[in-house]
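Note sheet for the following structure.
Sequential numbering from 1 along the given sequence is applied to the chain's residues. Any value given below was found using the heavy atoms of this structure, including those in side chains, with hydrogens, waters and symmetry copies removed.
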Amino acid sequence: MKVYTKTGDKGTTSLFGGTRVPKHHLRIESYGTIDELNSHIGLVRDQDINQHYKHVLMKIQDLLFTVGAILATDPEKATLKNGRARLNIPKISNEDIEALEKEMDTMEASLPPMTHFVLPGGHQTVSFCHIARTVCRRAERLASHLNELEPFQPETLMYINRLSDYLFVLARKLSYDLQAEEIKWIPKKES
């Protein structure tokens, strides 16, 4: 199978189910941003970090392919003629969401309490994690908009939301582990 099909040469692409849409369609932007997020998470995973975090990030990357498949499915063609779901894979579950929450709770137990916003940075690895977090927030904004127009599985949107929280806590934990300075944002007062 060749990578290039030439079917998108005029600016359209196929959703799961065969529907052709413009490459700038909100659905394409949504799952394309999930793909971008997955790449950024791969960059974080490739850093010299704790093996447990690498394992969790790999699980997240796997689930992001599920999220992308859910977002790439045309809702009008989501069910086959025989009544079965076109997308024949496990969907995002409450357990997937709870796993992120458990990871955050574990990391936060060893971190000093947050009293201010923090400036992204302090170490390259931490910066990569903050970039992943902001891409995740963008993916969430796009998916939220798509969900308003064409609702999809609620747990999928919840997972994206929880993931951005997880990436923030992970960035803080990596700062702590790497002994990087966490710079608080303290707004200046007007004179």
For [range], which residue pairs pass the salt bridge (charged side-chain N to carboxylate O under 4.0 Å, His left out) check, not counting sequence neighbours?
| range | answer |
| --- | --- |
| residues 181-191 | Arg172-Glu182 |
| residues 120-138 | Glu36-Arg138, Arg137-Glu140, Arg137-Asp165 |
| residues 143-157 | Arg27-Glu150 |
| residues 91-100 | none |

Could you list the donor-acceptor pairs under 3.5 angstrom formed by side chains in residues 80-90, with sequence neighbours left out?
residue, atom, partner, partner atom, Å
Asn82, OD1, Arg84, N, 2.9
Arg86, NE, Lys77, O, 2.6

Could you work out, with side-chain contact (heavy atoms from CB on, under 4.5 Å) as the rule, every residue matching [X], not counting sequence neighbours?
| X | result |
| --- | --- |
| Leu178 | His123, Thr125, Val126, Leu174 |
| Asp46 | none |
| Asn50 | His52, Tyr53 |

- Item | ILVMFWY clustering at 4.5 Å (side-chain atoms), partners of Phe117 | Leu119, Ile183, Trp185
- Not counting sequence neighbours, which residues clear side chain to side chain donor-acceptor pair (under 3.5 Å) with Thr156? List them please. Gln153
- Note on the structure: Sequence neighbours excluded, the answer for salt bridge (charged side-chain N to carboxylate O under 4.0 Å, His left out) partners of Glu101 is Arg162
- Note on the structure: For Glu108, the salt bridge (charged side-chain N to carboxylate O under 4.0 Å, His left out) test, sequence neighbours excluded, returns none
- Query: Can you tell me how far CG of Asn38 sits from CG of Leu43, rounded to the nearest 0.5 angstrom?
  - Reply: 12.0 Å
- Message: I want to check something: taking the side chain as every heavy atom from C-beta on, are Met107 and Tyr166 in contact at a cut-off of under 4.5 Å?
- Response: yes
- What one should report as the nearest heavy-atom pair of Cys136 and Ser164 is SG-N, 3.5 Å
